[in-house]
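As structure tokens, the structure follows; a few thoughts come after it.
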Amino acid sequence: MDVKNNLHNNKSNPRKLNLLYLGLLLFVTLLTTLYLASSKAIFAVSDWTFHAARVEEIYLNLKSGSFFTFIAARTFHNTGAASFLFYPYIFFYPWAFLRFILSPVNAFYAWYALVTFATATISYFSMKAYSKKSLASFIFSLVYTFAPYRLYLGEAVFGEYLAVTFLPLLFLGIYEVLWGDKKKWYLLAISVALVAYAHILSVFLSLQFAVILFIIKLITSRGISKDRIKSLLLSAGVCVFLVLPVIVPFFTDFIGQGLFSAYLHHGHGPTQPAPQPLLCPPKQLESELHADVNNPYCLGLY
């Protein structure tokens, strides 16, 4: 009854209502993260060790006084892997900074909570900007943020996990440019750039969806105004400018450079080693992050 009364009393004060819903989302975020962290372990699957090793490289460079990271000089078996040039990593900096005050496992879960709450907040305000309804936005944010698949991505596929954070804003940007307030074209430019800095493939998938919506707009509205076309082109131009740090290395250091991935060869073709479960004590976990072992399964303890 108290929660119901609070909602009723806060209907006339949108700011208080937003704070109430954000407080509830924060509570669920902390509850979910603490539940996962209560195992005092990480079940590292898919590309977890790959990205964790990248975070460790960033952390070691920060510790040495170097803010930017371009190659993996101390992780990935000290091979100088250039994954930082071709795979966005800006959103791993909070994780790396948390390594200064927390253990490797605790730093990961703290970062996990930050990304989860950011997803909840962005999805809430994106839906509210579209629907103008606080309760519907809260329910959408709850379902979207804590969907089992998204939670799974948070311990397996970090690129998609981060990209999902900004997809609601991206879809809002598409809506504003095609149907809503065309003066809010910057939402589309910024959101696509954020997705690009998280996961390049998600940008291409999102653009395919945007093309479908653009075609639907042409059919249902029997065309599109010149002002909306200008807004669309403006958002595209600004977005390209924002993602230049991601695009340029592909042209300068990848295309035509003969780069390729290293594989273990068994027989006549390249194969990946079979997954083997590993139990990593605290010190060994750090060494595994430095080495980025090929085994995709690793259980780390506090």
Side-chain angles (χ1 to χ4, degrees), residues 14-15 17-18 21-22 85-91 93 115 118-134 136-141 143-145 150 159-256:
R15 185 175 181 180
L17 193 59
N18 288 338
Y21 283 133
L22 289 178
L85 287 173
F86 311 121
Y87 209 116
Y89 61 96
I90 188 173
F91 294 116
Y93 272 91
V115 176
T119 304
T121 302
I122 291 173
S123 58
Y124 172 78
F125 283 109
S126 295
M127 176 55 77
K128 188 170 183 181
Y130 171 76
S131 67
K132 314 300 181 185
K133 298 178 181 179
S134 297
S137 301
F138 170 73
I139 294 174
F140 168 77
S141 176
V143 173
Y144 180 82
T145 304
R150 200 204 71 87
E160 291 182 47
Y161 177 65
L162 290 166
V164 165
T165 302
F166 308 108
L167 289 182
L169 184 62
L170 188 151
F171 293 141
L172 174 64
I174 295 174
Y175 167 78
E176 295 291 5
V177 170
L178 296 180
W179 285 281
D181 184 357
K182 56 183 178 294
K183 293 181 180 180
K184 294 183 178 180
W185 56 266
Y186 55 87
L187 292 177
L188 181 59
I190 294 174
S191 61
V192 174
L194 289 171
V195 173
Y197 278 101
H199 192 229
I200 297 294
L201 181 58
S202 293
V203 175
F204 290 101
L205 295 175
S206 300
L207 288 178
Q208 293 177 19
F209 186 77
V211 169
I212 294 174
L213 291 178
F214 182 77
I215 294 173
I216 293 175
K217 168 67 177 180
L218 293 178
I219 295 174
T220 57
S221 301
R222 296 182 180 181
I224 187 171
S225 67
K226 291 182 179 180
D227 289 338
R228 293 196 181 277
I229 291 293
K230 290 180 180 179
S231 296
L232 190 60
L233 294 176
L234 187 58
S235 65
V238 172
C239 178
V240 170
F241 174 77
L242 291 175
V243 299
L244 282 178
V246 177
I247 298 174
V248 170
F250 277 101
F251 290 96
T252 59
D253 299 291
F254 184 78
I255 297 177

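In this chain, numbering begins with 1 at the start of the sequence shown. Worth saying up front: this structure is predicted, and the values here are computed from it rather than measured. Keep in mind that the numbers below use all heavy atoms, side chains included, and drop hydrogens, waters and symmetry copies.
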- Set of side chain to side chain donor-acceptor pair (under 3.5 Å) partners for S235, sequence neighbours left out: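 Partners of S235 under the side chain to side chain donor-acceptor pair (under 3.5 Å) test: none.
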- With sequence neighbours left out, write down each residue that passes side chain to side chain donor-acceptor pair (under 3.5 Å) with T165, or none if nothing qualifies.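 Residues passing side chain to side chain donor-acceptor pair (under 3.5 Å) with T165: T119.
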Looking at [atom1] of [X] and [atom2] of [Y], how far apart are the two atoms once the value is rounded to the nearest 0.5 Å?
X    : Y    : atom1 : atom2 : answer
H199 : Y161 : NE2   : OH    : 15.0 Å
F140 : S131 : CZ    : OG    : 9.5 Å
L170 : L207 : CG    : CG    : 8.0 Å

- Query: Given the rule in the side-chain hydrogen bond (donor to acceptor under 3.5 Å, both in side chains) test, do K183 and S231 qualify, once you have shown the distances and angles that lead to the verdict?
  - Reply: CA-CA 7 Å; K183 293 181 180 180; S231 296; over 6 Å; no
May I ask you to decide if [Y]'s main-chain N or O and [X]'s side chain share a donor-acceptor pair within less than 3.5 Å?
X    : Y    : result
S191 : F166 : no
S221 : G223 : no
Y144 : V164 : yes
K217 : L178 : yes
E176 : K182 : no
Y197 : L242 : yes

- Message: Are F209 and F171 an aromatic pair, judged by ring center distance below 6.0 Å?
- Response: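 Distance test on ring centres: under 6.0 Å, yes.
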- CA sep, side-chain torsions, deciding dist, call: L233, K230, side chain to side chain contact (heavy atoms under 4.5 Å, CB included): CA-CA 5 Å; L233 294 176; K230 290 180 180 179; 5.9 Å; no
- Task: Could you walk me through whether L167 and S206 pass the side chain to side chain contact (heavy atoms under 4.5 Å, CB included) test, one step at a time?
- Result: CA-CA 8 Å; L167 289 182; S206 300; 3.6 Å; yes
- Item | Residue list, side-chain contact (heavy atoms from CB on, under 4.5 Å) with Y130, at least two apart or on another chain |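 Expected list: M127, L172, Y175.
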Any [X] side-chain heavy atom under 4.5 Å of [Y] side chain:
X    : Y    : value
S134 : N18  : yes
Y21  : S137 : no
Y124 : T145 : no
F214 : I224 : yes
F91  : L194 : yes

So which atom in [X] and which in [Y] form the shortest heavy-atom distance, rounded to 0.1 Å?
X    : Y    : answer
A210 : I174 : CB-CD1, 3.7 Å
L232 : V177 : CD1-CG1, 3.8 Å
C239 : A193 : SG-N, 3.8 Å
L187 : G173 : CB-CA, 4.1 Å

- Query: Is the number of heavy atoms from other residues, nucleotides or ligands under 6.0 Å of L201 CG greater than 12?
  - Reply: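 Atom CG in L201 is crowded, with more than 12 foreign heavy atoms closer than 6.0 Å.
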